[in-house]
Asker: 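My structure is below; once you've seen it, I'll send some questions.
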Amino acid sequence: GRFMGAFEIYFDITARKALLDAAIIHSSMMLVGIGIAFLLLVFFVRRNTIRPISEVTEAMARFANGNQDQHVPVTGNDELSDMARIFNHMCEDLRITHKGLQSEKNKLTTILQGAREGIVSTNEKGEVVLVNPAAGRLLGKSEKQIIDDGFLALFDDEEFLKAFLEKGGVDMPEILVYNHNVLSIYA
């Protein structure tokens, strides 16, 4: 290697710097635009998806806790609006059904409370769930005592009542004198 000479090259970078500055500004503006678009997307998804789901969920919870006056706004024609519409329809049907059942219960209660026959009713576990006033008078016991003592203790002779229930009343007396009253037993 022999040295042949040297030379210097100069060029103006201001044009390149201006291009680079413009690219940085352009990129920054794009990032800001993407950020704004992302925020708008989040707002749109929250407003049109998450909020309606939350409204239906909250209405369901209130309904489950006994507040039957629930209505969810229907704001479109999409799947979430269909869900809100179906929920509102279901709530209305349940309100009507509950009102009808309450009316029937009131009628039945009136009939049972006014009946001259003593009526004691049990659930599937054999627990006393209903005692009308006539049963209390005929048995000489309070409603609370009849419920607390249970069905088998109605006549203070659990063995008699167990046998009557096991045989379905066959070969058992249908009439019983208890507490100076003549009682007919139907079980």
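No hydrogens, no waters, no symmetry mates; every other heavy atom, side chains included, goes into these values.
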Asker: Return the CD1 to CG distance between Ile25 and Leu20, rounded to the nearest 0.5 Å.
Answerer: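 Output value for this atom pair is 10.0 Å.
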Asker: Answer whether the closest heavy-atom distance between the side chains of Cys91 and His71 falls below 4.5 Å.
Answerer: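 No, every pair of side-chain atoms sits at 4.5 Å or beyond.
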Asker: For Ser81 and Gly76, which heavy atoms make the closest approach, and how far apart are they?
Answerer: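 Scanning both residues completely, I find the closest heavy atoms to be OG-N, 3.0 Å.
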Asker: Minimum heavy-atom separation for Val56 and Val72, please, with both atom names.
Answerer: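 The answer is CG2-CG1, 3.6 Å.
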Asker: Indicate the atoms forming the closest heavy-atom contact of Gly126 with Phe151, along with that distance.
Answerer: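 Closest approach of Gly126 to Phe151: O-CB, 4.0 Å.
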Asker: Please check if Phe44 and Ile36 belong to a single hydrophobic cluster, counting links between Ile, Leu, Val, Met, Phe, Trp and Tyr side chain heavy atoms closer than 4.5 Å.
Answerer: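 As far as the 4.5 Å side-chain criterion goes, Ile36 and Phe44 are not connected within one cluster.
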Asker: Roughly how far, to the nearest 0.5 Å, is CZ of Arg137 from CG of Asn132?
Answerer: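 Separation between the atoms: 7.5 Å.
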Asker: Between Asn106 and Ser103, do the side chains contain an N or O donor and an N or O acceptor separated by less than 3.5 Å?
Answerer: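 The answer is no; no qualifying pair exists.
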Asker: Any sub-3.5 Å donor-acceptor pair from Arg95's side-chain atoms to Gln68's backbone N or O?
Answerer: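 Side chain of Arg95 to backbone of Gln68, a donor-acceptor pair under 3.5 Å: yes, one is there.
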Asker: Tell me if the CD atom of Glu79 is crowded by more than 12 foreign heavy atoms within 6.0 Å.
Answerer: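 No - once you tally the heavy atoms of other residues, nucleotides and ligands closer than 6.0 Å, there are 12 at most.
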Asker: Decide whether Arg62 and Gln70 meet the rule of one side-chain donor and one side-chain acceptor closer than 3.5 Å.
Answerer: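 Checked: Arg62/Gln70 side chains pair up, N/O donor to acceptor below 3.5 Å.
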Asker: What distance do Leu94 atom CG and Leu101 atom CG have between them, rounded to the nearest 0.5 Å?
Answerer: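 The CG atom of Leu94 sits 10.0 Å away from the CG atom of Leu101.
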Asker: If I take atom NZ from residue Lys144 and atom CG from residue Asp149, how far apart are they, to the nearest 0.5 angstrom?
Answerer: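 Those atoms lie 9.5 Å apart.
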Asker: Rounded to the nearest 0.5 Å, how far does CZ of Arg85 lie from OG1 of Thr75?
Answerer: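 Here the rounded value is 9.0 Å.
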Asker: Is Leu41 atom CG crowded by more than 12 heavy atoms from other residues, nucleotides or ligands, each under 6.0 Å away?
Answerer: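 More than 12 within 6.0 Å, yes.
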Asker: Indicate the atoms forming the closest heavy-atom contact of Pro73 with Ala84, along with that distance.
Answerer: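 Answer, listing the atom of Pro73 first, then Ala84: O-CB, 3.9 Å.
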Asker: If we check side chain to side chain contact (heavy atoms under 4.5 Å, CB included) with Val128, which of these qualifies: Leu154, Leu152, Ile147?
Answerer: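 Running side chain to side chain contact (heavy atoms under 4.5 Å, CB included) over Leu154, Leu152, Ile147 with Val128 returns exactly one hit, Ile147.
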Asker: State the CD1-CD distance between Ile53 and Glu58, to the nearest 0.5 angstrom.
Answerer: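 Interatomic distance, Ile53 CD1 to Glu58 CD, rounded to 0.5 Å: 12.0 Å.
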Asker: Is there a path from Ile86 to Val74 through hydrophobic residues (I, L, V, M, F, W, Y) whose side chains come within less than 4.5 Å of each other?
Answerer: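 No; tracing contacts between hydrophobic side chains, which count when under 4.5 Å, never links both residues.
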Asker: Met90 and Leu80: same hydrophobic cluster, using ILVMFWY side-chain contacts below 4.5 Å?
Answerer: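 The answer is yes; both residues are in one hydrophobic cluster.
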Asker: Grab the two heavy atoms, one from Ala153 and one from Lys141, that are nearest each other, plus how far apart they are.
Answerer: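 Nearest pair, atom of Ala153 first, then Lys141: O-NZ, 2.8 Å.
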Asker: With side chain to side chain contact (heavy atoms under 4.5 Å, CB included) as the test, would you mind laying out the steps for Val129 and Thr122 before giving the verdict?
Answerer: CA-CA 5 Å; Val129 293; Thr122 62; 5.6 Å; no
Asker: Closest approach of Gly136 and Ile146, non-hydrogen atoms and distance?
Answerer: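 So the minimum-distance heavy-atom pair works out to CA-CD1, 4.1 Å.
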